[in-house]
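Accompanying notes for the structure given below.
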Amino acid sequence: MDAFSALMSGLAMAATPENLMFVLIGVLTGTVVGVLPGLGPITAIALLIPLSFGMEPAQGLILLCGVYYGAMYGGSITSILIRTPGEVASAVTALEGYEMAKRGQAGAALATSAVGSFIGGIAAIIGLVFFSPLLLDVATAFGAAEYTILLAGALLLTGTLVAGSKLKASIAILVGMVFGVIGLDPQDNVERWTFGLLELNDGVDIALLAMALFAVPEALHHLAMRERKPSSRLKVKNAWMTKEDLRRSAGPYARGTFLGFFSGLMPGLGPALGSFASYALERKIAPPDRKKLFGHGAIEGVAGPETANNAGVGGAMVPMLALAIPGSATTALLLFVFQMYGLQPGPQLFERNPDLVWTIVASMVIGNVMLLVLNLPMVRLFVQLLKVPPPLLYAGVLAFCMLGAWALTFSLFSLVMLLVVGLAGYWMQEHGIPLAPAIIAAVLVPLLEQSTRRALVISNGDWSVFVTRPLSLTLLIIIAAAAFSPLIVKLVRSVRTSEKSVDF
Amino acid sequence: MTGDGPGPEPPAAADAAAEAKAGPLSGDRGTGLIVAAFGMVLLVAAMLIDAPARPSPGIGPRLIPGLLAVGLIGCGLALAFMPKSKSEAGVGDQVAEMMAEEPVHWTSIAIVSAMFVAYALTFEFLGFVLSTAGFLLATTMYVDHTKWRRNLIYSIAFSALVYWIFTRQLSVSLPSGILGW
């Protein structure tokens, strides 16, 4: 009940004209950037961080959270109409959404996705309100050993859910960790991998890393492709659902909400797992006549994953706010934004700045309502953005990155870093090495190292501290089960395949 | 996502074509070897990290960098030399295929990258407006020189407008450079 009344007072604080304006600007800007082909929520936030520099923490965070939700919604428009998702989670929506649009049901697909995003988003915020206090209670019992296990588990889980080669995902995680380690050692004050450059003593900025690994490679790629005309898009008249659409989507909405929220809660996994799991579940439980439609535009394959995707965003906010452990690449960047304002998420943030936390959470409720109310009628306007000629769009993105990098430190060194990391990111992307795990790893590794070393200092170098405390041992078992369950499932499945062929 | 020409290409020929397009050291072997070499450089640098003046119990400053470097070498070598395992086609593969980028010719990459390098290096000296307008014009002209009027107007309008918004409205200072604004 406490959390609920806190949310209500948060709503009152978020509903001031000024804050409402920031929510509106955030969701609209996010939608605009999210609609642009190839640009997802993380790129949107990274590019728009400079906008929040001069703002009060609450306003800056309200704006960027709005950008997050807006970009998620905008991304689904692009996925459905031109099959160019900005991130893995919305790629799942494209599987059926694009097929629906090809069959002339673009409006229904967009409305299904918008309503699903709204339901998932609101349900996840309710989940956040009730789960955060629980997690905060547990978090206060956590010592350095428990944090170490949780962070190590998050890193491990980051690698388990990546489309494509696991080896390449491991390389991405290691590269991200390398970026996270660069700088002065936090305990012994020794320079590590700074190569004598004083500017590297403070480490590599996460916002710069996000721009360099997401926006720069994407923009360079499209410019190097010399694309002159925008991708051909499918037509949309009105975003609306029939009663039949709604009836078919109701189940997937409910299941997607649960799957998305709980997968978002898992540190390191984020919303992508929810999308994948929801799609697989809907395909599996569909009656035979509907099952045939999967791959050819099944509405359940849009409703479930899109709801899960947005419920996952709220879910991923829970460990980020309560434990300072990001559940996804985007929440890793949001964690950085909190730190940029001198705020450290975790139990202390809820204790010291409860108004700020609940205002931000309440602004998410308002943002979701705004997105639904504005975007259904305005979808045709947003679709016009898909007409922006690619050379203007991507050259502009690079200029924004340069501006963002400059605004971080006001020095040429940031620009050189953006250049070097951007070109490295481009090389990685061209060679199929996924970039999202690198960001999560870069944020997690300094936290992991600090808590490991703290735990070992407290135990006087005794490593058994990680298994002898009941709480740390329990966490270890839970994480091991979560991390190795896909492997076990795979093994069981491969045994079964020898008997009969498996569909998924 | 290789092979733009009509009709299906034999897989080997398609791979070879993609490799030629992407330039030297492409493919998983090249990628793996480059990652392993990067790991080697990091390992040497990790071994050169100073020992702390007063070592504390537990792990020192070298352990994690060393492990990361060894991990990169191991993963790089595995990528280069381990046979690829064939997995069954699932949602993940469909998504991976959708997210995969089309290969680009390496000369085109080199030209665009060179423009980006020049932009970064002239950003402070020329100032935001001039360097940005120059970069936008150069890249848009490289991609589509037939629309030179559009490119010119866009380059000037974008850089001037963004400069005005950030310096005047958002109080973010941007380099004025030789224009001296």
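- The greatest number of non-hydrogen atom pairs below 4.5 Å with chain B, out of A/Thr194, A/Ile171, A/Leu398, A/Leu392, is found for A/Leu392.
- Within the 3.5 Å criterion, the main-chain N or O of B/Leu42 finds a donor-acceptor partner in the side chain of A/Trp193.
- The side-chain heavy atoms of A/Asp188 and B/Asp50, taken from C-beta on, include no pair separated by under 4.5 Å.
- At least one donor-acceptor pair closer than 3.5 Å links the side chain of A/Arg226 to the backbone N or O of B/Tyr142.
- By the 4.0 Å N-to-carboxylate-O rule, A/Lys168 lies close enough to B/Asp28 to be salt-bridged with it.
- Considering only heavy-atom pairs separated by less than 4.5 Å from chain A, the leading option among B/Leu136, B/Leu67, B/Leu48, B/Ile59 is B/Ile59.
- Formation of a donor-acceptor pair under 3.5 Å by the A/Arg192 side chain with backbone atoms of B/Arg62 is not found in this model.
- Side chains of B/Phe128 and A/Met402 form no contact here, defined as non-hydrogen atoms less than 4.5 Å apart.
- The aromatic rings of B/Phe166 and A/Phe400 stand perpendicular to each other, their planes meeting at an angle above 60°, with 30° marking the opposite boundary.
- Between chain B and the residues A/Val181, A/Leu223, A/Leu448, A/Val420, the most heavy-atom pairs under 4.5 angstrom are made by A/Leu223.
- You'll find the side chain of A/Trp427 reaches within 4.5 Å of the side chain of B/Thr31, heavy atoms only.
- The backbone N or O of B/Glu124 lies less than 3.5 Å from no partner atom in the side chain of A/Trp406, so there is not a single donor-acceptor pair.
- Screening A/Arg453, A/Glu191, A/Glu449 for a side chain to side chain contact (heavy atoms under 4.5 Å, CB included) with B/Pro61, the sole residue that qualifies is A/Arg453.
- In this structure, B/Val143 and A/Pro390 have side chains that are not in contact, with every pair of non-hydrogen atoms separated by 4.5 Å or more.
- The shortest side-chain heavy-atom distance between B/Ser113 and A/Leu423 falls under the 4.5 Å cut-off.
- Both the backbone and the side chain of B/Leu72 come within contact range of chain A, judged by heavy atoms closer than 4.5 Å.
- When heavy atoms are compared at a cutoff of 4.5 Å, A/Thr452 approaches chain B solely by way of its side chain, counted from C-beta outward.
- Across A/Leu412, A/Val445, A/Asp462, the residue that shares the most heavy-atom pairs under 4.5 angstrom with chain B is A/Leu412.
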